Each structure stands twice: as C-alpha cells, then as structure tokens.
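Reviewing the structure listed below.
Predicted model only: the values in this text are computed from it and were never measured. We name chains A, B, ... by the order of the sequence lines, and we start the count at 1 in each one. Scope of the values below: all heavy atoms of this structure, side chains included, with no hydrogens, waters or symmetry mates.
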Protein chains: 2
Amino acid sequence: MEPKIPYKIYLEESEIPQAWYNVRADMKNKPAPLLNPGTLQPMTIDELKGVFCEELCRQELDNDTAYFPIPEEILNFYKMYRPAPLVRAYFLEKALGTPAKIYYKFEGNNTSGSHKLNSAIAQAYYAKKQGLKGVTTETGAGQWGTALSMACSYFGLDCQVFMVKCSYEQKPFRREVMRTYGANVTPSPSTKTEVGKKILAEYPDTTGSLGCAISEAVEAAVTQPGYRYVLGSVLNQVLLHQSIIGLEAKAALDKYGIKPDIIIGCAGGGSNLGGLISPFMGEKLRGEADYRIIAVEPASCPSFTRGKYAYDFCDTGEICPLAKMYTLGSQFMPSASHAGGLRYHGMSSILSQLYYDGLMEARSVEQTAVFEAAELFARVEGTLPAPESSHAIRAAIDEALKCKETGEEKTILFGLTGTGYFDLKAYEQFNDKTMTDVIPTDEQIAASLAKLPKVE
Amino acid sequence: MEPKIPYKIYLEESEIPQAWYNVRADMKNKPAPLLNPGTLQPMTIDELKGVFCEELCRQELDNDTAYFPIPEEILNFYKMYRPAPLVRAYFLEKALGTPAKIYYKFEGNNTSGSHKLNSAIAQAYYAKKQGLKGVTTETGAGQWGTALSMACSYFGLDCQVFMVKCSYEQKPFRREVMRTYGANVTPSPSTKTEVGKKILAEYPDTTGSLGCAISEAVEAAVTQPGYRYVLGSVLNQVLLHQSIIGLEAKAALDKYGIKPDIIIGCAGGGSNLGGLISPFMGEKLRGEADYRIIAVEPASCPSFTRGKYAYDFCDTGEICPLAKMYTLGSQFMPSASHAGGLRYHGMSSILSQLYYDGLMEARSVEQTAVFEAAELFARVEGTLPAPESSHAIRAAIDEALKCKETGEEKTILFGLTGTGYFDLKAYEQFNDKTMTDVIPTDEQIAASLAKLPKVE
C-alpha cells in the first residue's frame with residue numbers, strides 16, 4: 001500500500017542541504033562564457049571583481065565544482081524560513097478531477113514573499129565577508145529589492161535600491177517594506193547618477209525602466225568605495241544559490257520514494273526554474289533518471305519560444321557583459337499591460353544551453369489564462385499566488401487536465417515561487433475583467449533582434 | 001543536557017488537535033450570559049438562532065462541555081495551513097542580549113494573514129451544514145473579511161462583507177483579495193440596508209464605522225432568507241475555535257518538556273488571546289500549573305486597563321445583545337490616528353471574567369513603542385508583523401529586557417497573530433516619523449461610560 005502523503009512535507013531543520021549544487025559540473029556542453037563587450041574575450045575574475053564580490057565572481061566562472069558548501073552564517077539565516085514546505089496539492093487535484101498527483105515547492109513563506117531571499121542572503125554574506133560597506137541593485141516588481149533589504153539588514157550592510165519609478169509610485173507598499181528593513185530606495189531614473197541625470201535631461205517625463213535602473217545601480221556601485229553591485233537572477237551564481245529549492249524538494253520527495261514525471265517552473269531570468277530543476281537535471285545529465293522539464297514564460301515576453309540563441313547585452317543600457325542566451329534583444333520592451341515580473345528580455349545562460357541541447361521544453365502562456373489558474377489555485381489551495389508563479393500553475397493544471405483525458409497518473413512537481421500580496425493591482429484588473437493579452441508581433445521581435453551585437 | 005530546540009517546531013499533520021477546548025468548562029465563575037436588551041433576560045437559543053447558525057448558538061451558550069470534536073471537513077481545511085509553527089525567537093533573544101527564552105506561535109502562514117481563518121472555516125462549515133445560502137459580516141482592517149471569504153469560497157457559500165468605507169477606499173488590496181475569493185464587498189454605510197440609508201441621509205459624507213457596518217451586516221442577515229450573520233471575535237464560540245492556537249502551541253512545547261513562565265497575547269475583542277491561553281488557563285483553573293498571563297491592548301483603546309466591568313452593547317448601533325465585559329462604552333471611538341485593529345470598545349466575556357477574577361494581567365502600550373518593537377522584530381526574525389501582533393511583541397520584549405536586568409532565564413510565549421503585508425500605510429507613517437500616540441483623556445472615557453445601559 002502506498003504510504004499516506006501528508007498535505008505538507010516538511011524536512012527537519014537538520015535536513016536542510018549543507019551545500020549548493022552546481023549543475024554546470026554535470027553539463028557536457030558548458031554554458032557559453034560572459035564576454036567583455038569591448039574585446040569580445042571571456043570575462044576574467046579581475047574584470048568582474050570591480051563590479052561583483054570576489055567570491056561571487058569565482059562562483060560565477062566555476063563550471064567544474066559540483067558542490068559548494070553553504071557557509072554556516074547563511075545556513076543560520078536559512079533556518080529562519082527554511083526548510084520550505086513541499087505541498088501535495090490534494091485540493092487542486094480534487095477540483096480538477098485529475099488522476100495526476102500534483103506537488104508544489106512553496107517558496108513564499110517569508111516576508112520577501114519569494115525565493116529571491118535564497119540568493120540575497122548569500123550575496124549579502126559574501127559582501128560582508130569581503131569587508132564591503134554596502135551593495136547596490138535595481139528592482140522592478142520589488143521582490144528582489146525586498147529580499148536584498150532583508151539580507152542586508154541581517155548583516156548590517158547598507159542597501160541602495162534603484163526602483164523603477166512607476167513601480168516606486170504604484171507599489172508604495174513594497175517600498176515601505178524595504179524602508180522598514182533600512183534600505184535606501186531611490187526612484188529611477190534619479191539625479192544620483194550621471195546616467196540617471198542624462199536620461200532625465202533627455203526624457204524628463206520618463207517613468208523609468210529596469211534597464212535604466214540597472215545602469216544606475218552599476219554606476220552607483222563602481223563610483224562608491226566599498227560598494228558592489230548584486231543581481232537577483234540570470235547569473236550562474238544565482239542559479240547556484242537557488243539550487244537549495246530543488247535540493248530540498250528532491251529530499252522531501254525521496255522520503256516518500258516519489259519520482260516526478262514532469263517538473264514545471266516559471267521562467268523570467270531563470271533563477272527559480274534553474275534552482276528547482278538543478279538536482280533533477282543533474283540526474284538526467286548523468287543518465288541516472290529522466291524527467292520532462294518545462295519552462296513556462298509569458299506570451300508577452302517569450303525569450304525561449306520566440307527569441308534567438310545568441311550573444312546579447314544583459315541590460316538595456318548595454319554596459320554589462322555579453323551573455324549567450326535565448327533573447328528577444330536587449331532593446332525589447334514587453335507590453336506595459338503585462339502584470340508582474342518575468343519581463344526580462346533574455347534568459348540564464350545555463351538554462352539557455354540546456355534548452356538548446358534538448359534537455360528541457362518551453363512554452364508560453366497568456367496572462368488572462370494565467371490569472372484564471374491563479375484564481376482557481378487561490379480558492380482551492382488557500383494561497384494567493386504571485387503572478388509569476390501562476391505561469392507554472394497554469395502549465396501544471398494543463399498537464400493535469402491532459403492526464404484526466406488519458407487517465408494517466410502522472411506525478412507533476414511545480415515551483416510556487418511566491419505570494420501575490422503585493423500584486424493586487426493585477427488581480428484587480430482580472431477581477432474587473434479589464435485585463436488583456438498583449439503578444440508581440442513577429443515584426444516587433446524581428447526589429448529588436450536586428451539590433452543584437454555582432455559576435456561570432 | 002537540554003535538548004537542542006529547533007528554530008521552528010512543527011507538529012506532524014497527525015498531531016493537529018482533534019477537538020477544540022472550551023475553557024468555560026473549567027471556570028468556577030462562568031462568564032455572564034448575553035442578555036436580551038429588551039427583557040434583560042439571558043438570550044436563549046431560540047432568540048439567537050434567527051441571527052446565528054444553530055450549532056454556533058449551542059456552542060455560544062455551552063458553559064459545561066470541555067471538548068468539542070472538530071468535524072472532519074474542518075480538519076481537512078486546517079491541514080491546508082496547520083499545524084502552524086511554534087518558533088523559537090533565537091534571533092530576537094540574541095538582539096536583546098537576554099537570558100530569557102522566547103517562543104512565538106505564528107498564525108500568519110496563510111493568505112488571510114492571521115488567525116481569523118481558524119474560526120471563519122468553522123463558522124462557514126456550520127452555515128453550510130445548516131443548508132444556508134450565505135453569510136454576512138462586517139470588516140474593518142479586513143483580516144476577518146478576508147478569512148471569511150476564503151472559508152466561504154471553500155464551502156461554496158455566498159459571502160457578503162460590509163467593509164467600513166474608509167478601509168474600502170484606503171485598503172483596496174484587502175478588498176481585492178476578498179473579491180478574488182468571490183466575496184461581495186460593499187462599502188459601508190451603503191444603500192443596501194435601511195440602517196445604511198438612514199445613516200447616509202443623516203451623514204452623507206461619513207466614511208463609516210465598524211458599529212455601522214455591524215448593523216448593516218445584521219440587517220442583511222435577518223432580511224435575506226437563507227442567510228445568517230457571523231462575527232470574528234468577542235463571542236464564546238470564536239474563542240472556542242481559536243483554542244486550536246493554544247492547543248497546538250502547548251503540544252509543541254510539551255514535545256520538548258518546556259513550560260512557559262509568561263504567556264502574552266494582544267487583545268482587541270479577545271479571539272487570539274483567548275485561543276492562545278485557553279489550555280494553559282485550563283491547567284491554571286484546575287490547579288495543575290501556574291502561568292503569568294498578560295493581555296496587551298493599545299493605549300488608544302484600553303478596555304481592560306481603563307474600562308469598566310459592566311453590561312454593554314456589543315455594537316455601536318445597539319441592536320445586538322448585551323454582554324458583560326470590560327468596556328469603554330459602545331459609543332467610544334478610538335482615535336483615527338490609531339493604526340491597525342484592536343479598536344473594539346469591549347472585550348470577550350470569558351476573558352473579562354478571568355481578568356476580573358485575577359487570573360490574568362493586562363497592560364496597555366503606545367503605538368510608536370509598538371512599531372519600534374515591530375521594526376526590530378521584522379529585522380531580526382524576518383517576518384513583518386501585523387500591528388495588532390506587535391502589541392504582544394512589545395510586551396514580550398519588555399519582559400525579556402527585565403530578565404536581562406535580573407538575569408532570570410524565564411520562558412516567554414507570545415502569539416504572533418499575523419503579518420503586516422496589508423498594513424504598510426501604518427509602517428509608512430512610522431518610517432516617515434509622522435506616527436503619534438493618542439491616548440483618550442479620563443473625561444472622554446467617563447463621558448462614554450456614562451452612556452452604558454442600566455442593568456442590575
């Protein structure tokens with residue numbers, strides 16, 4: 001007889017993974033290196049360490065070490081909100097009438113409301129250890145900025161957040177959480193940086209963009225002694241830290257001898273998806289197991305499904321290194337009517353290589369369908385999901401409904417990256433039925449891709 | 001050697017208490033009965049059942065049954081978010097440098113963000129079982145309305161929430177959570193009820209009050225066939241359901257052989273405090289153990305510490321039964337500058353009797369001191385607390401600091417009833433240093449108490 005699976009599988013505190021897993025170590029085809037945009041040569045630690053903390057540069061460039069021990073100070077902080085629960089979605093299964101078994105790894109059980117805290121605390125730790133005064137970053141929807149402000153508060157680091165001006169004004173509550181944790185939050189573009197002043201002179205009425213905020217944050221980092229810049233997604237180091245999600249999920253499933261057939265995650269820059277799938281992908285790469293792995297992206301910003309695998313700038317301001325990735329072009333602007341995150345033009349180099357090599361699938365979903373899934377999930381599972389996470393919910397529901405048709409009892413695991421408590425404006429649009437789907441035309445994407453840098 | 005206590009003590013799913021505990025069964029002096037305001041005779045089930053569900057009326061009036069088995073359907077729902085964690089506040093202890101051992105029972109791990117869901121699901125269940133179409137209620141800060149909308153969505157009941165108009169406008173996000181769960185949310189006063197129309201005719205610019213919203217909700221319940229009214233605090237039935245908080249907390253402490261010296265809870269109407277302390281108070285009443293129990297109320301609405309123990313109306317509209325309780329008078333209006341909940345003029349009859357009998361203490365705290373405690377707690381324990389819960393945090397910190405002076409290693413348990421994610425306006429005031437303390441004068445309280453109904 002099958003053992004009774006509880007609603008929530010919690011690991012013991014002593015079962016928190018003690019090392020992050022670096023999936024690159026098991027990749028035959030390593031992700032392409034970051035390139036210096038001037039020389040088109042691979043970036044070295046010496047080039048990177050003016051912008052990033054040294055230890056994080058090492059993690060960024062290390063394609064060979066499989067496990068990085070998690071420092072004790074970080075483990076102590078993890079214990080504040082980890083292990084995160086793995087939930088058996090009994091209520092959702094029942095509502096769908098599916099024979100599929102659905103599990104989700106819930107990362108929203110902390111005040112930042114998302115998985116971002118897993119990497120924020122690691123990056124703050126290495127900044128502190130290096131003796132820095134503080135860090136700078138940008139934030140759009142605000143999850144990353146919130147997570148970083150919590151992490152910096154813990155280690156007594158100054159935290160300077162450039163928040164896209166329209167978010168700063170439309171999401172005052174996220175801003176106040178950051179301020180409560182002592183962060184210095186500046187609406188971007190600002191007069192604090194040269195690049196901000198330049199943009200304001202040219203476009204005095206601009207409400208800002210993530211690309212502009214990145215440029216301001218990087219400038220602020222390199223012009224203040226004792227500061228470095230930190231980033232919440234895309235980078236290899238971030239996926240490394242986020243592997244804690246997948247390691248815990250796998251440990252919880254292993255306790256009950258459960259093997260997922262399908263693993264689903266939403267994908268913006270790739271931090272959550274990369275973290276969730278990493279140990280499973282490792283098994284797949286080593287030929288020990290097989291899984292269907294599905295990346296779910298918004299139809300309004302479809303880098304995997306409609307982008308090109310090419311070298312591109314990581315930022316709109318074109319001051320960051322070049323990364324090889326599935327991209328819509330660094331000048332691509334997703335529709336303003338798109339709710340929530342996942343608006344990034346590119347994708348983690350690691351995930352891009354894995355996708356290119358046929359080791360995972362990708363699909364795009366439209367936002368009204370995403371919010372329909374979010375509403376159902378909230379009502380039956382009791383947690384109001386973040387719009388980002390709801391992309392994964394949509395795909396999980398679709399797969400479970402296929403099982404209902406075929407009668408297959410597949411096991412589905414998806415990542416519930418966070419809660420939607422600061423995204424109620426989007427829910428309001430959905431409740432008011434004023435939400436629309438906006439999908440870029442082929443011409444729009446082609447025009448943006450035509451501006452890709454020329455790299456052999 | 002003392003066993004190592006983990007940061008979070010989770011019970012197993014199978015350890016969720018299977019029955020609620022009714023502290024009245026162990027009280028020598030029973031709480032005074034509700035009185036019919038017309039006859040001044042104790043309310044009977046027949047009189048109550050036009051407004052409340054029948055089974056809930058029975059629970060309300062039952063002073064003798066010690067344990068009420070929790071129906072399986074409610075237990076199933078509880079499994080969605082329970083057992084709730086008991087957290088050892090290691091980080092707070094370290095920040096304070098206190099020898100005290102601090103624990104808190106965290107009830108904010110669900111989308112309603114508070115303990116209110118524990119009773120909402122019970123009340124919705126009995127309404128469904130009675131074959132009702134729906135329920136009506138009022139909400140101020142919105143925690144209760146959110147919890148009830150989740151519970152009604154689960155059982156497919158119509159949920160009509162009268163939300164104080166200024167909250168409806170100033171807390172649009174709470175409103176949208178309720179709408180996402182399918183609730184019908186009406187700003188009060190409204191033209192949907194006779195009492196609402198009357199108030200609007202008299203005060204066309206009013207922004208509403210909890211008392212007015214209660215009157216509208218009760219009218220809506222008794223004038224629509226198949227509807228009943230439900231309430232989130234004060235009543236005996238609510239404290240019964242909330243006993244799950246204390247039962248779980250005690251079970252978790254018992255696992256490690258821990259006996260608290262001091263138990264602290266915030267007190268508005270008393271639902272959280274009554275629930276948290278009930279099994280401990282039971283032991284105290286039966287002479288099996290002794291605990292210091294402290295109710296913490298806001299200095300702006302100090303019913304225990306400056307009110308009178310007397311019969312009073314439960315609502316400003318004076319249409320509800322009379323309850324004997326510590327009260328500031330049903331016409332008392334706490335200062336508009338008071339942030340968050342705990343604004344109720346009265347107090348649970350059970351807690352009032354226990355306080356009157358010297359079985360617990362009470363103290364009031366000022367809101368700037370409360371938010372100082374909230375900020376510290378958020379920064380070191382990682383959870384942004386609700387303003388209500390932060391009253392308990394304040395008192396717990398004060399007790400822990402006393403231990404620091406005396407060197408005593410006391411064990412302190414407090415209730416962290418919820419999260420402050422929808423209370424960022426108040427945090428903004430605190431961050432901007434525009435928050436003030438407003439304490440009613442003796443004259444204000446005396447004037448309000450002069451209007452108490454005359455009951456022998």
Side-chain angles (χ1 to χ4, degrees), chain A residues 4 6-10 12-14 76-83 85 87 90-91 108-113 117 121 146 149-150 153-154 172-182 371 374-375 378-385 419-432, chain B residues 4 6-10 12-14 76-83 85 87 90-91 108-113 117 121 146 149-150 153-154 172-182 371 374-375 378-385 419-432:
Chain A
K4 165 84 179 127
Y7 283 71
K8 282 167 289 172
I9 307 176
Y10 276 105
E12 298 289 324
E13 195 172 290
S14 56
N76 277 341
F77 186 89
Y78 277 169
K79 286 175 192 164
M80 216 188 268
Y81 68 102
R82 310 201 68 85
V87 186
Y90 283 116
F91 294 102
N109 251 351
N110 68 76
T111 283
S112 83
L117 200 50
I121 192 64
T146 311
S149 67
M150 292 176 70
S153 164
Y154 183 72
F173 291 176
R174 276 271 186 215
R175 182 186 77 208
E176 291 308 322
V177 179
M178 289 185 256
R179 288 182 70 204
T180 300
Y181 282 91
F371 275 83
E375 182 188 84
R379 290 187 181 188
V380 302
E381 286 289 324
T383 298
L384 189 87
T419 51
Y421 307 148
F422 293 93
D423 304 288
L424 271 303
K425 268 281 165 205
Y427 276 94
E428 184 176 22
Q429 283 173 20
F430 180 73
N431 292 335
D432 287 343
Chain B
K4 165 86 180 124
Y7 284 69
K8 282 167 288 173
I9 306 177
Y10 277 105
E12 298 289 324
E13 195 172 291
S14 56
N76 276 339
F77 186 90
Y78 278 168
K79 286 175 191 164
M80 217 189 267
Y81 67 103
R82 309 201 69 86
V87 186
Y90 283 116
F91 294 102
N109 250 351
N110 68 75
T111 282
S112 83
L117 199 51
I121 193 64
T146 311
S149 67
M150 291 177 71
S153 164
Y154 184 73
F173 291 176
R174 277 272 185 213
R175 181 186 77 207
E176 291 308 322
V177 179
M178 290 186 253
R179 287 182 70 204
T180 300
Y181 282 92
F371 275 82
E375 183 188 83
R379 290 187 180 188
V380 302
E381 286 289 323
T383 296
L384 189 88
T419 51
Y421 306 149
F422 293 92
D423 304 288
L424 271 301
K425 269 279 165 208
Y427 276 95
E428 185 176 21
Q429 283 172 20
F430 180 72
N431 292 334
D432 288 342

Do the charged groups of A:Arg175 and B:Glu428 touch, with an N to O distance under 4.0 Å? yes
Taking all non-hydrogen atoms of both residues, which atom of [X] and which atom of [Y] are closest, and how far apart?
X	Y	value
B:Glu13	A:Pro6	OE1-CB, 3.2 Å
B:Thr180	A:Glu375	O-CG, 3.8 Å
B:Thr111	A:Thr383	OG1-CA, 3.1 Å

At what distance, to the nearest 0.5 angstrom, does OH of A:Tyr78 lie from OH of B:Tyr7? 14.5 Å
Does B:Arg82 offer a backbone N or O that forms a donor-acceptor pair with the side chain of A:Lys8 under 3.5 Å? yes
Under 4.5 Å, counting heavy-atom pairs only, tell me which of [options] racks up the most with chain A.
options	answer
B:Tyr81, B:Tyr427, B:Phe91	B:Phe91
B:Leu117, B:Asn76, B:Asp423	B:Asn76
B:Lys425, B:Glu381, B:Arg179, B:Arg174	B:Arg179
B:Tyr154, B:Phe371, B:Tyr10	B:Tyr10
B:Asn110, B:Asn431, B:Leu384	B:Asn431

Name the orientation class of the two ring planes belonging to B:Tyr421 and A:Phe422 (parallel below 30°, tilted from 30 to 60°, perpendicular beyond 60°).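 If you compare the ring of B:Tyr421 with that of A:Phe422, the planes turn out tilted.
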Which atoms of [X] approach chain B - backbone, side chain, both or neither, heavy atom under 4.5 Å:
X	result
A:Val87	neither
A:Asp432	both
A:Met150	side chain

Using a cut-off of under 4.5 Å on heavy-atom pairs, state which of A:Ser153, A:Ala378, A:Pro85 scores highest against chain B.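 Option with the greatest count: A:Ala378.
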Taking atom NZ of A:Lys79 as the centre, report whether more than 12 heavy atoms of other residues, nucleotides or ligands fall under 6.0 Å from it.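 Correct, the count exceeds 12.
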